[in-house]
Amino acid sequence: METTKAPSNWERLLLDSIAGIPSPSTPPTPDRLSKRWKEYQGMKNWAGLLDPLDDTLRGEIIRYGHFVEAAYRSFDFDPSSPSYATCRYPKSSLFDRSGFPVTGYRLTKNLRATSGIHLPRWIEKAPGWVGTQSSWIGYVAVCHDKDEIARLGRRDVVVAYRGTATCLEWLENLRATLTQLPAKGGTEMGPDGSGPMVESGFLSLYTSGTAACPSLQDLVREEISTLLQSYGGDEVPLSLTITGHSLGAALATLTAYDIKKTFKCAPLVTVISFGGPRVGNRSFRRHLEKQGTKILRIVNSDDLITKVPGFVIDDMGNKNNPESDVHMANINLPGWIQKRVEDTQWVYADVGCELRLSSKDSPYLAGVGVATCHELKTSNISLYGIVRIGHDLDFLNPMT
């Protein structure tokens, strides 16, 4: 039997509005995107939609946040459970049982991520959950409902990732130095002589696999290939939207890069990320821009996770983030010093467009602490209240 769960903060706002208690804003009724769907998917880099935040875009961001929440709610967080780190529900009923019965999407593929960390032998004496190497990380779903396809103006494929949950995932997060992305036929160097580099731990979780469990990269490529063959030739346009929170946000960015690199005929690929850390260097950002990958990062000004790893020497290339938190853009460093700093493999770059919210400016999030700023629910409450966003995907997290 499943117990009834107490409503999370964002759900309380909805209940309060029904009870006549003022709420920051009623959740927007899904608007018909029709011919403007590419604009809302970032084709024009969300120009004119972020400040002030467009109501239709707000509704779409919240909707994609629900896909991430479904991933959190479906994950077995209990270390004592024999099904720890797996999906609690079958594909056919995941949306229903995670609290989102009317999405218009059909889940087509479960996804697992595997850590590439080699464990010492003594780990065998530790509890089994400590050494869990592969775990369920999310899923792929495709819009199949005719009414929802008509509303969206296209058939949408969603890839959704949860955030960090297992011991080895936490250890991978700490592998924060940059590493070169493997490339076929050589690497295109940037003006500074460097190729695209990304955080070592994130890349490990995306590309590592075992004999029993293919890598997340292989699972994604296989499913996207199948869906492109099934729907790529339809008269209805196709879009790929990749969304995630925290670690899931980083994996979403890597997934988008990999899809555009692998499938030359890929449709518009958009990332909607919540409270994500930095992922790669400036060369990685340039490659994303050249690919045409569109990224909207939802961040909380008070969320420390969005300000790590590493630091930013020059973020002038990211006009959507004029308030980069840890940077040296205004310091005129001699070229040889800047090169030495970049050689430390700690110089990152923010990517895409940024929607920056502040939880402490919202009267509906009084008493929010540093840890809570990273939760998914904080972002959604801020969105409902149209104050700018945060890192709290906690409304997705069944552990809180």
Side-chain angles (χ1 to χ4, degrees), residues 2-15 27-28 30 58-78 85-91 93-107 110-111 113 135-141 143 148 156 158-165 169 241-252 271-276 296-300 303 305 355 357 359 364-365 368 371-385 389-400:
E2 294 187 8
T3 57
T4 302
K5 187 183 167 187
S8 56
N9 289 351
W10 68 278
E11 290 168 330
R12 287 195 185 98
L13 292 175
L14 302 183
L15 295 173
R58 177 179 61 168
E60 288 300 288
I61 293 172
I62 292 172
R63 186 174 70 87
Y64 285 115
H66 288 168
F67 285 109
V68 184
E69 181 171 5
Y72 271 112
R73 291 184 179 182
S74 301
F75 184 77
D76 189 347
F77 284 90
D78 184 2
T86 65
C87 183
R88 299 161 61 204
Y89 310 129
K91 290 191 298 183
S93 60
L94 183 145
F95 289 134
D96 286 342
R97 299 182 69 178
S98 61
F100 302 98
V102 189
T103 63
Y105 286 68
R106 174 177 56 86
L107 198 150
N110 282 309
L111 301 175
S135 58
W136 186 83
I137 193 79
Y139 57 85
V140 181
C143 186
E148 184 66 359
D156 187 41
V158 166
V159 181
Y161 295 127
R162 60 163 175 81
T164 308
E169 287 170 2
T241 308
I242 310 165
T243 185
H245 169 250
S246 195
L247 168 63
L251 292 176
V271 175
I272 305 292
S273 75
F274 298 88
L296 180 59
R297 296 181 296 109
I298 317 301
V299 303
N300 188 333
D303 179 16
I305 299 300
L355 176 58
L357 308 180
S359 54
Y364 304 95
L365 290 169
V368 167
T372 309
C373 287
H374 185 69
E375 297 173 354
L376 182 59
K377 69 182 178 191
T378 303
S379 300
N380 281 267
I381 294 172
S382 297
L383 279 170
Y384 278 124
I389 274 191
H391 187 89
D392 191 346
L393 260 166
D394 177 47
F395 75 95
L396 309 184
N397 194 333
M399 297 186 70
T400 56

**Student:** Parallel, tilted or perpendicular: which fits the ring planes of Phe77 and Tyr72, with parallel below 30° and perpendicular above 60°?
**Tutor:**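 It falls in the parallel class, under 30°.
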
**Student:** Is there a donor-acceptor contact under 3.5 Å from the side chain of Tyr161 to the main chain of Ala71?
**Tutor:**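 Checked: no pair found.
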
**Student:** Which heavy atom of Ala252 sits nearest to which heavy atom of Val271, and what is that distance?
**Tutor:**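 In this case the closest contact between Ala252 and Val271 is O-CG2, 3.8 Å.
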
**Student:** Distance from Arg58 atom CZ to Leu355 atom CG, nearest 0.5 Å?
**Tutor:**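 Spacing of CZ (Arg58) from CG (Leu355) equals 11.5 Å.
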
**Student:** With rounding to the nearest 0.5 angstrom, report the CG to CD1 distance, Leu251 to Ile137.
**Tutor:**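 Reported value, rounded in 0.5 Å steps: 5.5 Å.
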
**Student:** Measuring from Ile242:CD1 to Ile272:CD1, what's the distance to the nearest 0.5 Å?
**Tutor:**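 One finds 10.5 Å between CD1 of Ile242 and CD1 of Ile272.
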
**Student:** Can you tell me how far apart CG (Leu296) and OG1 (Thr241) are? Round to the nearest 0.5 Å.
**Tutor:**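 Those atoms lie 11.5 Å apart.
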
**Student:** Compute both the distance and the angle, then confirm whether Arg97 meets the cation-pi test with Tyr89: under 6.0 Å from the six-membered ring centre, within 45 degrees of the axis.
**Tutor:**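 Because its charged atom misses either the 6.0 Å distance or the 45° angle limit, Arg97 does not stack over Tyr89.
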
**Student:** Distance check, rounded to the nearest 0.5 Å: Ser98 atom OG versus Leu107 atom CG?
**Tutor:**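 Reported to 0.5 Å precision, the distance equals 9.5 Å.
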
**Student:** Distance only, no hydrogens: is a donor on one side chain within 3.5 Å (strictly under) of an acceptor on the other, for Ser135 and Arg162?
**Tutor:**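 Checked: Ser135/Arg162 side chains pair up, N/O donor to acceptor below 3.5 Å.
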
**Student:** Between Tyr64 and Asp156, is there a side-chain heavy-atom distance shorter than 4.5 Å?
**Tutor:**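 Sidechains of Tyr64 and Asp156: in contact.
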
**Student:** Let me confirm one number: the CG-CZ distance from Leu94 to Arg73, rounded to the nearest 0.5 Å.
**Tutor:**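 Leu94 atom CG to Arg73 atom CZ measures 11.0 Å (nearest 0.5 Å).
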
**Student:** For the residue pair Tyr105 and Phe100, is the inter-centroid distance of their aromatic rings smaller than 6.0 Å?
**Tutor:**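 For Tyr105 and Phe100, the ring centres are not under 6.0 Å apart.
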
**Student:** What are the two closest non-hydrogen atoms of Ala141 and Phe95, and how far apart are they?
**Tutor:**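 Minimum heavy-atom separation between Ala141 and Phe95: CB-CZ, 4.0 Å.
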
**Student:** Step by step, would you call Val158 with Thr103 a side chain to side chain contact (heavy atoms under 4.5 Å, CB included)?
**Tutor:** CA-CA 11 Å; Val158 166; Thr103 63; over 6 Å; no

**Student:** Are Trp136 and Ser74 side-chain neighbours, meaning at least one heavy-atom pair lies under 4.5 Å?
**Tutor:**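 With C-beta onward as the side chain, the pair touches.
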
